[in-house]
Amino acid sequence: MPELPEVETIKRDLKKHVTGKMISRIEINLPRIARKHCNQDEIVIRTERRTIKEVKRRGKFLLFYLDSSDILIFHLGMTGQLLFCSIDSPFEIDKYTHIVVRLKDNEKILFRDPRQFGQVFVINQEELSDKLDLGPEPLSDGFTVEILYSMLNRPTKIKSFLLDQKKIAGIGNIYADEILFEAGLHPIKPANSLNKGEATRLFVAIRNVLTEGVKQRGTSISDYVDASGKKGNMQNKHRVYGRAEKPCPRCGTNIKRTVIGGRGTHFCPRCQKT
DNA sequence: AGTACGCCCTGGCCGC
DNA sequence: TGCGGCCAGGGCGTAC
């Protein structure tokens, strides 16, 4: 569910609500969510009575910088949600609420995740680049056509390339399909077959589609909601994702669905060239 | 070392 | 109404 635009939306919401606030205690009800990098007891100990200095995003990870040199990190997997809970915006702690981050005045951040693919862990700031192991942020100034072009040096299908977090951080299955439609590139096209012009089109499409996704506050197809529990609007703007056998908005040809790298892939067989 | 696939889970939807 | 089968936006471990 949550790709860069969704995590960015949640980050902006939580930043407003929790920056400068102290974590009284974290409760972890499902150990498997805390299986990576450190165990659940360590997470509890290293976050207790720590103040949240900053909230940031890196790829699809959400980062809470603490007043120690530690960072509390969440990944939402497929169905994860982070809900800010207060007197004004109460949320029920249900069977899918695996983590409760308790703040003062009965405020809380709830982590819900029906499919349990999410993760939580605490690492030191110095371990960040090592433990997350991500490619560049596609919306940052540091990401350029030249950098993108230099990474397109392998015969991997371009769709798989876009999904590889070590290449570019934050693109998931939905935005990958939308980006390739925007760029007019067939998802099976080998990455190293793109010429400079095609790489430029891909670069522009990555920026445009992700920026529009953030502007629309993300895509809500099933589980995704922001930190207030509200749905995004980007699903209404999709041109290929989830539109198999419906007409292409550009040429009218029926959109096709196939499977690439085990993921459902939607494309216009006429507009998108191999 | 790079790439492809099965698998981790649960819920929703479709067809019988 | 019930149930089996299939689908799902992510990432990892394993096998080449």
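Quick note on labels: first sequence line is chain A, next is B, and so on, each numbered from 1.
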What's the [atom1]-[atom2] distance between [X] and [N], to the nearest Å?
{"X": "A/Met78", "N": "C/dG10", "atom1": "CE", "atom2": "C1'", "result": "6 Å"}
{"X": "A/Asn153", "N": "B/dA1", "atom1": "CG", "atom2": "C1'", "result": "13 Å"}
{"X": "A/Arg115", "N": "C/dC12", "atom1": "CZ", "atom2": "C1'", "result": "14 Å"}
{"X": "A/Arg35", "N": "C/dG13", "atom1": "CZ", "atom2": "P", "result": "9 Å"}
{"X": "A/Leu132", "N": "C/dG10", "atom1": "CG", "atom2": "P", "result": "17 Å"}
{"X": "A/Glu6", "N": "C/dG10", "atom1": "CD", "atom2": "P", "result": "9 Å"}
{"X": "A/Arg154", "N": "B/dT3", "atom1": "CZ", "atom2": "P", "result": "5 Å"}
{"X": "A/Arg32", "N": "B/dC7", "atom1": "CZ", "atom2": "P", "result": "15 Å"}

Of the listed nucleotides ([options]), which one gets closest to any side-chain atom of [X]?
{"X": "A/Gln119", "options": "C/dC12, B/dT10, C/dG10", "value": "C/dC12"}
{"X": "A/Gln165", "options": "C/dG11, B/dT10, C/dG10", "value": "C/dG11"}
{"X": "A/Thr156", "options": "B/dC9, B/dA4, C/dG10", "value": "B/dA4"}
{"X": "A/Tyr96", "options": "B/dG11, B/dT3, B/dC9", "value": "B/dG11"}

Less than 6.0 angstrom from the centroid, inside 45 degrees of the normal: does A/Lys196 satisfy that with respect to the ring of A/Tyr149?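 Yes, a cation-pi geometry.
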
Give a yes/no verdict on a cation-pi contact between A/Arg112 and A/Phe91, requiring under 6.0 Å between NZ or CZ and the six-membered ring centre and an angle within 45° of the axis. no

Pi stacking test for A/Phe117 and C/dG10: under 5.5 Å apart, planes under 30°: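 Per 5.5 Å and 30° rule: yes, stacked.
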
Decide yes or no, distance alone: a donor-acceptor N/O pair under 3.5 angstrom between the base of C/dG10 and the side-chain of A/Arg263. yes

Please enumerate all residues that pass salt bridge (Lys or Arg N to Asp or Glu O under 4.0 Å) together with A/Lys231, with sequence neighbours excluded. none

Regarding A/Lys166, tell me which of base, sugar-phosphate or nothing describes its non-hydrogen contacts under 4.0 Å with the strands shown.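 Answer is nothing: A/Lys166 stays at 4.0 Å or more from every strand.
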
Give A/Gly172 one of three labels, base, sugar-phosphate or nothing, depending on what nucleic acid heavy atoms sit under 4.0 Å from its own.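 Here A/Gly172 touches the backbone only, sparing every base.
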
Nearest-nucleotide wise, let me know which of A/Lys95 and A/Lys157 is further upstream toward the 5' end of DNA chain B. A/Lys157

Residue pair A/Asp226 / A/Asp13: nearest heavy atoms and the distance that separates them: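 Smallest heavy-atom distance, with atoms named: CB-OD2, 3.2 Å.
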
For C/dG11, the Watson-Crick or wobble partner whose two distances fall under 3.5 Å: B/dC7

B/dC9 to C/dT14 separation - P atoms, rounded to the nearest Å: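 Pairwise P distance, B/dC9 against C/dT14, rounds to 15 Å.
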
Check: A/Ser68 side chain, A/Asp70 main-chain N or O, donor-acceptor pair, under 3.5 Å: yes

OP1 or OP2 of C/dG11 less than 4.0 angstrom from a side-chain nitrogen or oxygen of A/His75, does that happen here? yes

